[in-house]
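Any value given below was found using the heavy atoms of this structure, including those in side chains, with hydrogens, waters and symmetry copies removed.
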Amino acid sequence: MTEGAEVRQAQATRSGPSSLQAVETDPGSEGPDQREEDSRGVSEQRRHSSGGAEDGGRGPVVAPDGGWGWVVVGATVLVLAMTLAFPSCIGIFYTDLQNDFQASNTETSWVPAIMMAVLHAGGPICSVLVECLGCRATIIIGGILSGLGMAASSFAQTMVELYITAGIITGMGFSLSFQPSITMVGHYFVRRRAFANALSSTGTALGLSTLPLLANYLLGSFGWRGSFLVLGGLLLNCCVCGAVMRPLGAKPKTEARTGRANNSQLKTNCLSITREREGLKGRLRATLSTVMPFLRRHMAFDLLCSNPYFCAYAPRVSWMMLGFVVPLVYLVPYATAYGMEQDRAALLMAILGLINITVRPAAALVFGLPRFRGSHNFAYLFAVAVLINGVSNCICWMATSFPVLLAYVIVFGFSMSLVGSLLFTVLMDTVEMSRFPSALGLISIMESIMLLLGPPLAGILVDSTGQYSYVFFACSITGSTAGLFIMLSFYWLDRQKHREVKSSFARKDVKSLKPGTQTTVDCEYSPVPSHGNSIKDVETDV
């Protein structure tokens, strides 16, 4: 009886973690595959959540994969609708801005270009604020900045003032709002991360389908100045969305904070004394020792050397951004330049948003299936979507009628939905979750350069040739080449990893066949060593 009780107690102890995990996650999500993923899922959740909140100093908090996370996803949907999709509605005011300021296509295109560039370039600043204040406070600050920037732009008298208010101030507010929202979704979800990211990306679709129609209505009722003032009030709702971004776990104790503050003050005093003694060379060395950890923590330059997948992913995504958003800015001017009415041109943008709203939730459901959990094929799906998105721009060459442009919008919108659903998922699978904010900041900086150059270069092309079709041809080249490069790079890296895994197993087999080692093969076996975030991929591939 004593032995039987001990056996039952041991079995209950071994089954405890998986039962606890089942309670913490969605009760209705258990299936046959859930029991197979428990042992790997708990370790994966703890590994990915290591960069998140700490539970009162007791250790990393396990991602709940549900619960309040769905509220965070809903708030992220609204934030993305009011930030990432907002530059697309600037095309509605494009002609009025040109007429009011007597500006060329190049000068006018700088407004959405600066807005999108600052939106992505603010990544390091956003990372610093998230580390100091948290995601919730950063999102609220971003909502205030974006609302004030758009309201101030309604009083602009020159294009330079519009660049500062609508471009820099509003763009910085967008950056401080959308990046922490994506980070919060990554902390709340691990097993269902692909589903949560795809579902939250529907916010961009929601903005694409509603903001152009709203902007067109406001333009007809209040003019572009009144429209900018109303849109500024709308952007203040990002503050409400940020208020529900509840951080995981409890904050560290006040005593610990005070102790760390005293220690940091003491280190600062010692450093200042050392600088005075060592002179100019010591100051330069101390400055470099401070700058390098800052760059590593907030911009992740080291990942370009240490993580080959990130090195293959980041430059190609940046190259894709050179022509990815240009059609959103120039579609309405392109249609109206060839005689289409303003309302029908705005309807094309609304249809583009409706396609995104339809496709992105469907993609979220598909990517959330158990067979896709832990899959490394998201990168290839992303590359194919980028390739199709680039090639679709060639449809505009056929004709400028409404049916042809409608076909273009359907294909472009479908591929754009897949790109938006997988963009952050592939990045989260490529780097550790603790390095995700800094990796996102680095990619945002790289993207901002391309986003800043894309619309003005397109404007120069239109002013020099008088043809909008060349703009879409250039976008086709950038998109298709980016998709091909991502696909080939990941395929080559996967083949290299397979060879390393096979060679490591071959060495173990040879070692196990040596004399005197046959009796200890079973007890001396250990898993194949992996590096960083490739643990899950090696297990899946083997």
Side-chain angles (χ1 to χ4, degrees), residues 69 71-90 112 114-153 164-188 196-197 199-208 210-211 214 228 230-247 298 321 325 420 423-424 427 436-441 443-445 447-448 451:
V71 180
V72 173
V73 170
T76 304
V77 168
L78 296 178
V79 169
L80 295 185
M82 292 181 286
T83 56
L84 290 184
F86 191 88
S88 64
C89 73
I90 298 297
I114 294 175
M115 182 184 294
M116 289 183 288
V118 175
L119 189 156
H120 290 81
I125 299 176
C126 180
S127 179
V128 173
L129 289 178
V130 167
E131 184 175 326
C132 298
L133 304 176
C135 291
R136 174 187 286 177
T138 305
I139 296 172
I140 293 175
I141 294 173
I144 295 174
L145 274 180
S146 58
L148 292 178
M150 283 304 297
S153 65
I164 296 174
T165 55
I168 297 177
I169 299 178
T170 304
M172 180 56 66
F174 289 164
S175 178
L176 299 183
S177 295
F178 106 90
Q179 292 192 27
S181 302
I182 297 297
T183 304
M184 287 296 291
V185 173
H187 284 312
Y188 268 88
N197 280 326
L199 189 61
S200 63
S201 69
T202 57
T204 307
L206 181 64
L208 287 174
T210 56
L211 287 179
L214 176 62
F228 279 18
V230 174
L231 291 174
L234 177 67
L235 293 175
L236 291 176
N237 287 284
C238 291
C239 301
V240 181
C241 297
V244 304
M245 298 284 185
R246 188 170 66 193
H298 298 293
M321 287 297 174
V325 298
L423 179 63
F424 300 113
L427 180 59
F436 175 75
S438 57
L440 181 59
I443 285 186
S444 298
I445 286 287
E447 290 177 350
S448 66
L451 290 171

Colleague: Atom CG in L235, atom OG in S177: separation rounded to 0.5 Å?
Modeller: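 Between atom CG of L235 and atom OG of S177 there are 8.5 Å.
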
Colleague: Measure the CZ-CG distance between F86 and L234 for me, rounded to the nearest 0.5 Å.
Modeller: 7.5 Å

Colleague: Please check: side-chain N/O of T165 versus main-chain N/O of A151, any donor-acceptor pairing under 3.5 Å?
Modeller: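 No, the answer is negative, given that no donor and acceptor are paired below the 3.5 Å cut-off.
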
Colleague: So, do L199 and V185 sit near enough that their side-chain heavy atoms are less than 4.5 Å apart?
Modeller: no

Colleague: Hey, are the side chains of V118 and S175 touching, using non-hydrogen atoms and a 4.5 Å cut-off?
Modeller: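 No, every pair of side-chain atoms sits at 4.5 Å or beyond.
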
Colleague: Taking side chain as C-beta onward, heavy atoms only, is S181 less than 4.5 Å from I139?
Modeller: yes

Colleague: Quick one: does M172's side chain get under 4.5 Å of I168's, heavy atoms only?
Modeller: no

Colleague: Could you check if a side-chain atom of M82 sits within less than 4.5 angstrom of a side-chain atom of C241, using non-hydrogen atoms only?
Modeller: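 Yes - at least one pair of side-chain heavy atoms lies under 4.5 Å apart.
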
Colleague: How long is the straight-line distance from CG of L129 back to SG of C135, given to the nearest 0.5 Å?
Modeller: 11.0 Å

Colleague: L119 and L84: side-chain contact (heavy atoms from CB on, under 4.5 Å), yes or no, with the steps?
Modeller: CA-CA 8 Å; L119 189 156; L84 290 184; 3.6 Å; yes

Colleague: Going by the side-chain contact (heavy atoms from CB on, under 4.5 Å) test, name the single residue among L78, V77, T76 that passes it with L80.
Modeller: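 So the option named by the test is T76.
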
Colleague: Roughly how far, to the nearest 0.5 Å, is CD1 of I114 from CD1 of I164?
Modeller: 9.0 Å

Colleague: Would you compute the distance between atom CD1 of I443 and atom OG of S448 and round it to the nearest 0.5 angstrom?
Modeller: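 The OG atom of S448 is 12.0 Å from CD1 of I443, to the nearest 0.5 Å.
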
Colleague: Answer yes or no: is there a side-chain heavy-atom contact under 4.5 Å between T138 and C126?
Modeller: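 They are in side-chain contact.
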
Colleague: From M245 CE over to Y188 OH, what is the distance, rounded to the nearest 0.5 angstrom?
Modeller: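 Result: 9.5 Å between the selected atoms.
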
